[in-house]
Amino acid sequence: MKWKLTVRYLISVVFVVVFIIFVNLFLMLAFFMARSVLNIPFFQEEEHSPEQFTRQFQEQIVVSGDALTIADAGKEELSSRNAWIQILDETGKELFSYRAPEGLKKSYTPSEIVQMYKYKEVNGETTVFVGDKKVDGRAYSYLIGMENRNINRYFILYDNQSLFGMVKVGGIVLVIDILITLLIGYFLSKRLTKPLYTLIDGIKRLASNEYFHARPAGVFKQVFSNINHLSNQLKANELERKKLDRMKEEWVTNISHDIKTPLASIRGFAEMMKDPDYRFTEDEIREYADIIEKKSLYIKEVIEDLSLTTRLKNKELTLNKKATNLVVLLRDIVIDIVNDPKYAKRHIEFHANQESIPAEVDEILARRAIHNLIYNALVHNDANVKIDVRIEKTDRIHIVIQDNGKGIRKEELDKIFDRYYRGTNTGDAHKGSGLGMAIAKDIIQEHGGEITIHSEVGRGTTIDIGL
């Protein structure tokens with residue numbers, strides 16, 4: 001129904017346009033005929049047209065007895081129009097002339113006057129107009145010639161029967177033209193409206209999360225291509241969102257389990273220490289207190305990771321930048337890790353091609369990012385892994401963390417910086433929030449830097465930070 005209404009509307013528009021064009025042409029034709037043949041003044045300036053001027057010039061002819069002359073005002077008007085006048089008696093003989101050109105005839109027959117008025121021009125540029133004046137029962141004729149190339153005169157000769165035939169043929173042609181126009185408008189509107197409704201239907205389906213694909217063709221080929229691209233992009237985004245949701249659900253399940261485990265230990269030791277029937281030795285109290293402290297620190301780190309990643313993701317974290325020697329900062333981070341009893345026997349080397357490489361950074365966050373990256377290389381590899389940390393400055397600052405460990409498979413490498421992703425080769429003793437690599441990347445990007453990672457299974461991993 002909508003398609004029919006649209007076609008009907010377009011046909012109506014086409015018909016109205018054709019009708020308006022026809023009416024305008026008819027009015028223009030009527031205007032020029034009335035102006036040229038009937039001498040009807042449509043505009044104010046037409047009161048002084050050559051025909052009007054000639055008819056009204058009789059007022060400027062002065063008759064005194066048998067003498068004829070023209071008023072001074074009339075002479076001025078003739079001069080201003082570059083015109084001349086010749087006054088004739090009833091027999092066509094000249095009685096008076098003013099500004100008449102040389103060689104002009106002094107006597108005319110009635111047919112000569114008619115021929116001159118209708119068809120002939122004097123000197124090829126002068127158009128002659130005829131007027132008359134009656135005084136005391138006598139009739140005078142006068143000829144006014146105007147030398148003006150812009151003045152032309154045409155006479156139309158027709159009979160009513162021929163005119164009626166022309167109108168009849170013109171009407172038939174007009175009807176045929178209208179029918180052809182309507183037919184063209186019908187098929188054109190069909191060609192235009194059908195793909196339009198396909199597009200509208202596709203957009204509605206996209207709004208309802210139904211993905212749309214159409215073959216690009218016709219006038220709207222580019223539009224269909226863009227709609228198909230949009231549909232594919234929305235579909236890919238939806239798949240990515242579902243993938244992220246699944247990853248988040250798995251992450252929440254793992255984190256809940258990882259938090260419940262230390263909480264259960266803390267609660268168990270607390271209940272034991274609260275029991276009045278059980279007497280703990282001093283060594284047992286220290287041992288249990290150490291376990292409770294470690295479990296509490298683990299829970300604290302997880303909560304801090306959650307808070308930090310949320311602030312980084314929502315751009316709510318303000319960097320406290322200050323001038324920092326990155327060589328000293330990296331050296332301190334490596335020393336802190338080596339001094340940790342868990343990693344005291346690990347092989348970590350630090351290299352710098354100069355003693356001072358200054359940069360404006362947030363020292364706390366930068367330390368956190370580098371520590372996360374080195375820690376990731378430690379916990380995901382065997383105890384005999386060798387880790388090289390080096391910093392150098394060329395066109396920009398490069399911090400490289402390289403290991404010769406297990407490497408990372410390509411399917412995991414593509415997700416290594418995703419939030420909530422936890423590698424499959426992390427030992428049970430090194431469970432974490434799964435946010436360390438994502439936090440490191442966000443911190444580096446907040447500093448205007450970039451991070452890239454290259455890895456080969458069995459040969460190790462290289463992380464390059466460019467600032």
Donor-acceptor pairs under 3.5 angstrom involving side-chain atoms of residues 324-336: please list them, not counting sequence neighbours.
{"from": "T324", "atom 1": "OG1", "to": "K322", "atom 2": "O", "distance (Å)": "3.1"}
{"from": "N325", "atom 1": "OD1", "to": "V327", "atom 2": "N", "distance (Å)": "3.1"}
{"from": "N325", "atom 1": "OD1", "to": "I357", "atom 2": "N", "distance (Å)": "3.1"}
{"from": "N325", "atom 1": "ND2", "to": "E355", "atom 2": "O", "distance (Å)": "3.3"}
{"from": "D336", "atom 1": "OD2", "to": "R367", "atom 2": "NH1", "distance (Å)": "3.4"}

Donor-acceptor pairs under 3.5 angstrom involving side-chain atoms of residues 391-401: please list them, not counting sequence neighbours.
{"from": "R396", "atom 1": "NH1", "to": "E450", "atom 2": "OE2", "distance (Å)": "3.3"}
{"from": "R396", "atom 1": "NH2", "to": "G466", "atom 2": "O", "distance (Å)": "3.3"}
{"from": "H398", "atom 1": "ND1", "to": "D464", "atom 2": "OD1", "distance (Å)": "3.2"}

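Using a cut-off of 4.0 Å between Lys/Arg side-chain N and Asp/Glu carboxylate O, E238 and K235 are scored as not salt-bridged.
Rounding to the nearest 0.5 angstrom, the gap separating the CD1 atom in I465 from the CD atom in Q445 is 11.5 Å. Annotation: the span from Q52 atom CD to F129 atom CZ amounts to 11.5 Å, rounded to 0.5 Å.
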Worked check of side-chain contact (heavy atoms from CB on, under 4.5 Å) between K321 and V361
CA-CA 5 Å; K321 290 185 178 182; V361 298; 5.6 Å; no
For V379 and Y343, what are the C-alpha separation, side-chain angles and deciding distance, and is it a side-chain contact (heavy atoms from CB on, under 4.5 Å)?
CA-CA 10 Å; V379 301; Y343 307 115; 3.8 Å; yes
Run N148 and N82 through side-chain contact (heavy atoms from CB on, under 4.5 Å) and show every step you take.
CA-CA 8 Å; N148 190 336; N82 197 19; over 6 Å; no
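Taking the ring axis of F53 as reference, the NZ or CZ atom of R81 stays within 45° of it and closer than 6.0 Å to the ring centre.
Of all the heavy atoms in G407 and N381, the pair that sits closest is N-OD1, 4.4 Å. Summarising the geometry of D403 relative to A377, their closest heavy-atom pair is OD2-CB, 3.8 Å, with the distance given to 0.1 Å. Nearest heavy-atom pair, A366 versus I443, reported as atom, atom and distance to 0.1 Å: N-CG2, 4.3 Å. Nearest heavy-atom pair, S455 versus G460, reported as atom, atom and distance to 0.1 Å: OG-O, 3.3 Å.
H454 is not listed as a side-chain neighbour of T461, based on a closest heavy-atom distance of 4.5 Å or more. Here the side chains of I337 and H371 are in contact, with some heavy-atom distance below 4.5 Å.
Checked against salt bridge (Lys or Arg N to Asp or Glu O under 4.0 Å), K345 has no partners two or more places apart in sequence or in another chain. A search for salt bridge (Lys or Arg N to Asp or Glu O under 4.0 Å) contacts involving E77 returns nothing, not counting sequence neighbours. Listed by chain and residue number, D382 satisfy the side-chain contact (heavy atoms from CB on, under 4.5 Å) test with N384 (two or more places apart in sequence, or in another chain). Under the side-chain contact (heavy atoms from CB on, under 4.5 Å) criterion, D362 pairs with L319, N320, I364, L365, H447, not counting sequence neighbours. Partners of E287 by salt bridge (Lys or Arg N to Asp or Glu O under 4.0 Å), not counting sequence neighbours: none found. Applying the side-chain contact (heavy atoms from CB on, under 4.5 Å) criterion to E349, with sequence neighbours excluded, gives H347, H351, K386, D388. With sequence neighbours excluded, no residue forms a side-chain hydrogen bond (donor to acceptor under 3.5 Å, both in side chains) with N237. For T54, there are no side-chain hydrogen bond (donor to acceptor under 3.5 Å, both in side chains) partners at least two apart in sequence or on another chain. The side-chain hydrogen bond (donor to acceptor under 3.5 Å, both in side chains) check on R286 picks up E282, with sequence neighbours excluded.
Considering V389, I453, T452 in turn, I453 is the only one that fulfils the side chain to side chain contact (heavy atoms under 4.5 Å, CB included) rule with I463.
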